[in-house]
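Data first, discussion second: the structure below is written as structure tokens.
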Number of protein chains: 2
Amino acid sequence: MLSTTEENYLKALVHLSVEKGIKDAGTNELAGVLHLKPATVNVMLKKLREKKYVTYEKYGRITLTSAGRKMAIEIIRKHRLWETFLFDKLGFDWDEVHEVAEQLEHIQSKKLIDELDRFLGFPMVDPHGEIIPNAKGELKSVPKQLMSSVEEKKSYVITGVKNDETSFLKYLEKLGCRIGKSFRVAGIQSFDRSIEIEMEGKSTLITSEVAGQVYVRPRRVS
Amino acid sequence: MLSTTEENYLKALVHLSVEKGIKDAGTNELAGVLHLKPATVNVMLKKLREKKYVTYEKYGRITLTSAGRKMAIEIIRKHRLWETFLFDKLGFDWDEVHEVAEQLEHIQSKKLIDELDRFLGFPMVDPHGEIIPNAKGELKSVPKQLMSSVEEKKSYVITGVKNDETSFLKYLEKLGCRIGKSFRVAGIQSFDRSIEIEMEGKSTLITSEVAGQVYVRPRRVS
DNA sequence: ATTATAAGTTAGATAAGTCTAACATTCATA
DNA sequence: TATGAATGTTAGACTTATCTAACTTATAAT
């Protein structure tokens with residue numbers, strides 16, 4: 001059984017790798033996301049290595065082992081199921097769920113989480129649009145949807161791009177469109193199929209050419 | 001904000017006082033219910049006294065202050081609401097809820113517990129028949145019911161006695177009837193209104209005279 | 001009233017997880 | 001390729017909560 005602290009380290013490693021797009025991490029990076037000092041992380045890393053949850057060598061990079069990854073995904077599953085519970089059943093706002101789920105994710109009970117999953121109707125995505133791993137730790141892929149097929153007034157999360165030419169990505173960056181960003185469809189122009197989206201309070205126009213190159217998934221809102 | 005450990009000490013003090021019927025406790029008693037050593041408890045007691053949650057003097061008895069009692073009741077409220085959630089919504093068995101609720105009761109979020117209360121329909125008793133304190137920390141009294149008015153096949157908890165003569169209490173003790181004990185009504189004889197109850201696997205006959213002196217409340221069962 | 005036993009206390013040790021300060025290594029680039 | 005900045009490591013200290021072993025006080029029974 002892992003301590004809450006150990007669980008947080010493993011989870012942070014997955015989040016780092018997802019955000020950075022690489023599978024390994026450094027002591028300073030990890031310390032940064034955990035809001036701890038590098039010296040502290042260094043000590044814990046030796047412990048996690050001892051327990052076979054990470055591999056790393058002195059002055060080297062940190063990588064999760066498959067056991068470590070499995071544990072981390074289990075914690076992420078719990079986090080996202082609790083977020084869904086808070087949002088769907090208890091009427092929490094989208095931005096309030098994370099903090100409480102950070103605590104709930106460490107409750108130890110297999111039955112609890114499996115029954116919660118069932119109670120919620122085996123949801124595939126959490127209120128932020130993030131995919132919820134299933135009980136086997138698989139990230140079932142949610143059907144791919146292009147931004148060009150969104151509906152007015154609904155909310156989505158950007159999940160990927162079809163085209164990864166630098167110039168295109170730079171343009172997306174300029175528009176503020178990054179993986180993980182959420183937006184709401186304010187309107188769609190019928191004559192050119194351009195889409196007006198609201199993202200972080202700003203309104204942006206997306207042409208149909210761009211929308212056809214960006215993947216999204218629905219996000220639940222209150 | 002109290003640590004999980006501190007919360008457990010306060011909660012244990014309330015439970016001890018309820019079970020013993022007295023308001024104070026000793027170091028050894030407290031160590032016993034917490035499964036810790038007296039020396040450990042002694043150290044923590046100084047800390048809780050410092051924080052004004054208990055009063056006690058060297059070699060004296062331990063008493064909760066009103067602040068300490070308030071905190072403890074809040075934790076008990078959380079524990080019982082979570083038990084109700086697990087039982088009513090997630091299909092846990094009566095005997096499975098306690099262990100998980102021990103973990104859930106330490107989650108810190110006022111909104112969480114108030115919304116949970118609402119989601120559950122402001123229940124008055126938990127699956128064990130224990131009264132759930134309300135958000136103000138009041139123990140609303142559940143309507144008194146005599147054992148003589150129970151219904152067949154239903155389950156109840158013994159909550160008190162109308163008569164507290166020693167001889168009567170000794171007799172109850174012999175029957176295994178103590179406050180907090182749960183039983184199921186196996187059958188009621190119509191000609192003498194005697195009640196056959198099942199308690200801890202054993203079947204016992206209760207006369208209508210005895211049943212008229214014992215208070216009970218309904219317990220929920222699966 | 002004395003004394004054995006039960007209850008309570010103290011001191012010092014241990015483990016987990018954190019910190020600071022000092023030191024070591026790696027890497028980018030001038 | 002030498003070197004300064006960024007990154008990583010170590011040692012030692014601190015806090016919380018626990019323990020054991022030794023000691024002190026209270027209590028109950030002869």
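Each chain gets a letter, A, B and so on, in the order the sequences are listed, and its residues count up from 1.
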Contacts of type salt bridge (Lys or Arg N to Asp or Glu O under 4.0 Å), residue A/K174, not counting sequence neighbours
none
Specify the closest pair of heavy atoms between A/F183 and A/M147, including all atoms of both residues, with the distance to one decimal.
CZ-CE, 3.8 Å
Counting heavy atoms not belonging to A/R77, are there more than 12 under 6.0 Å from its CZ?
yes
Roughly how many Å is it from CD in B/E6 to P in D/dT15, rounded to a whole number?
15 Å
Round to the nearest Å and state the distance from B/N8 atom CG to D/dT16 atom P.
17 Å
What is the distance from NZ of A/K46 to P of C/dT18, rounded to the nearest Å?
15 Å
Heavy-atom count around A/E99 CD within 6.0 Å, excluding the residue itself: above 12?
no
NZ of A/K111: more than 12 outside heavy atoms within 6.0 angstrom?
yes
Write out a two-atom table: protein N or O, nucleotide N or O from nucleotides 19-23 of chain C, distance below 3.5 Å.
residue	atom	partner	partner atom	Å
C/dC19	OP2	A/K37	N	3.1
C/dC19	OP2	A/T40	OG1	2.5

Verify the contact: side-chain N or O of B/N42 to OP1 or OP2 of C/dG8, cut-off strictly under 4.0 Å; return yes or no.
no
Go through the side-chain N and O atoms of A/H106 and A/N8 and say whether any donor and acceptor fall under 3.5 Å apart.
yes
Please list, in numerical order, the residues of residues 17-29 of chain A that have a heavy atom closer than 4.0 Å to any atom of DNA chain D.
A/G26, A/T27, A/N28
Classify the angle between the aromatic ring planes of B/F85 and A/F119 as parallel (below 30°), tilted (30 to 60°) or perpendicular (above 60°).
perpendicular
Taking the ring centre of each residue, are A/H79 and A/H98 less than 6.0 Å apart?
yes
Whether B/R118 and B/D114 form a salt bridge (side-chain N of Lys/Arg under 4.0 Å from carboxylate O of Asp/Glu) is what I want to check.
no
I'd like to check the side chain to side chain donor-acceptor pair (under 3.5 Å) partners of B/E57; sequence neighbours left out, ordered by chain and number.
none
Pairs where residues 5-24 of chain A contributes a residue and the test salt bridge (charged side-chain N to carboxylate O under 4.0 Å, His left out) is met, not counting sequence neighbours
A/E6-A/K47, A/E6-A/K51, A/K11-A/E102, A/K11-A/E105, A/K20-A/E29, A/D24-A/R61
How many Å lie between CE on A/M44 and P on C/dA15, as a whole number?
16 Å
Members of residues 51-62 of chain A that approach DNA chain C, where some heavy atom sits under 4.0 Å away:
A/Y59
